[in-house]
Amino acid sequence: MPSIVSKFAVLAAGLMLAGCMQTAHYEAMNENLLKPRDKEYLAKVSYVKTPVAEPFRRAIVEYHRKEAPGSIVVDSDNHYLYYVLDGGKAIRYGITVGEEAMAWSGIAKVGAMTEWPDWHPTPGEIKRLGVPTFVKGGPDNPMGSRAIYLYSGGKDTLFRIHGTNQPEYIGASISSGCIRMTNEDVIDLYNKVKMGAIVVVLDPKQGDSPYNSKMALQGGGSTYQ
């Protein structure tokens with residue numbers, strides 16, 4: 001028969017694991033949010049619509065931080081963006097974030113919002129990636145279906161929250177610094193967020209999500225309902 005000490009050890013381990021768990025209520029895409037142009041362009045995309053891994057699917061979750069409802073919080077460590085709701089809840093989206101040397105962190109505001117934006121690569125991107133100086137908005141544009149522009153001190157930070165033509169990288173750190181979402185998810189967020197909303201991008205290694213995406217991808221650390 002297990003000793004009392006052993007029983008307490010098992011209980012303690014279970015409680016520690018529970019601390020990493022976050023109940024997720026998955027949300028399907030609301031087709032009513034799609035405008036005629038959205039339906040047209042999304043039907044024309046040439047990229048492979050790779051399904052997002054379960055830990056990074058859009059979900060309503062419990063939220064423990066104190067940002068006001070309507071705020072956006074980006075946890076780059078765990079590849080999540082949270083849109084804060086009332087009542088200790090948030091909508092959690094899986095994202096692609098910048099490589100460590102290209103990531104941005106800080107507090108910003110939503111300074112502009114655009115549907116099916118054009119892409120104006122920075123000089124650094126043009127040199128590093130060999131891309132043209134301008135790409136018109138459309139089905140396969142790297143900016144995707146929506147762009148939310150982050151401003152700080154009244155100036156454009158040049159960092160955006162936007163869609164992507166590479167959904168297979170949701171949950172990875174490979175972008176040039178911007179925060180990418182699936183085209184469907186960024187449409188969902190775009191329809192909720194307001195101009196002037198606060199955007200908190202947590203510093204690298206400071207992500208405090210109670211849900212660990214790496215653990216979830218390995219088969220543990222989450223609960224689903």
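Numbering of residues begins at 1 and proceeds along the displayed sequence. Note that the coordinates shown come from a computational prediction; the quantities given were computed from them, not determined experimentally.
- A continuous path of Ile, Leu, Val, Met, Phe, Trp and Tyr side chains, each step under 4.5 Å between heavy atoms, connects L33 with W116, placing both in one hydrophobic cluster.
- By the rule that hydrophobic residues join a cluster once side-chain heavy atoms approach within less than 4.5 Å of another member, V186 and M195 end up as members of one cluster.
- In this structure, R92 is positioned above the aromatic face of Y80, its NZ or CZ under 6.0 Å from the six-membered ring centre and within 45° of the axis.
- Using a 30° and 60° split on the angle between ring planes, Y82 and Y63 fall in the tilted class, from 30° to 60°.
- When atom types are taken as modelled, the side chain of N183 and the backbone of T164 share a donor-acceptor pair closer than 3.5 angstrom.
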### Task
List the steps, then state whether side-chain contact (heavy atoms from CB on, under 4.5 Å) holds for F134 with H120.
CA-CA 5 Å; F134 172 80; H120 301 269; 3.4 Å; yes

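- Counting heavy atoms of neighbouring residues, nucleotides and ligands inside a 6.0 Å radius, atom CD1 of I174 exceeds 12 of them.
- Side chain of K49 to backbone of P167: no donor-acceptor contact under 3.5 angstrom is found.
- For T114 (side chain) and P117 (main-chain N/O), no donor-acceptor pair under 3.5 Å exists by modelled atom type.
- Rounding to the nearest 0.5 angstrom, the gap separating the CG atom in D185 from the OG atom in S145 is 9.5 Å.
- Ion pairing between a basic and an acidic side chain is recognised when a charged N comes within 4.0 Å of a carboxylate O; K136 and D140 show no such pairing.
- By the 4.5 Å heavy-atom criterion applied to side chains, L189 and L81 are counted as neighbours.
- With a 4.5 Å cut-off on side-chain heavy atoms, I179 and T96 do not count as touching.
- Enclosure of atom NZ in K89 by more than 12 non-hydrogen atoms of other residues, nucleotides or ligands within 6.0 angstrom is indicated.
- A salt bridge is absent between D75 and R65: the closest approach of a Lys/Arg side-chain nitrogen to an acidic carboxylate oxygen does not fall below 4.0 angstrom.
- In summary, E184 and R58 do not engage in a salt bridge, as defined by a charged side-chain N under 4.0 Å from a carboxylate O.
- Between Y190 and I148, some side-chain heavy-atom pair lies under the 4.5 Å cut-off.
- Judged purely by distance below 3.5 Å, without hydrogens or angles, the side chains of S173 and H79 pair a donor atom with an acceptor atom.
- Looking only at side-chain heavy atoms (C-beta outward), S76 and V201 come within less than 4.5 Å of each other.
- The side-chain heavy atoms of I161 and M181, taken from C-beta on, include a pair separated by under 4.5 Å.
- A donor-acceptor contact closer than 3.5 angstrom is absent between the side chains of Y41 and N141.
- Hydrophobic clustering of Ile, Leu, Val, Met, Phe, Trp and Tyr side chains at less than 4.5 Å, counting indirect connections, keeps Y169 apart from V52.
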### Task
Begin with the C-alpha distance, continue with both residues' side-chain angles, and end with the deciding distance and a verdict on side-chain contact (heavy atoms from CB on, under 4.5 Å) for L202 and D77.
CA-CA 9 Å; L202 300 175; D77 288 351; over 6 Å; no

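- Using a 4.5 Å heavy-atom cutoff, the side chains of I72 and V193 are in contact.
- Counting heavy-atom neighbours within 6.0 Å of K35 NZ, excluding the residue itself, gives a total of 12 or less.
- Counting heavy-atom neighbours within 6.0 Å of Y151 OH, excluding the residue itself, gives a total above 12.
- Between R180 and I170, the shortest heavy-atom contact is O-CD1, 3.9 Å.
- Annotation: side chain of V199 is not in contact with side chain of I107 (no heavy-atom distance under 4.5 Å).
- The closest side-chain donor-acceptor pair between D188 and Y83, if any, does not fall under 3.5 angstrom.
- Within the 4.5 Å cutoff, no side-chain heavy atoms of N165 are placed close to those of V45.
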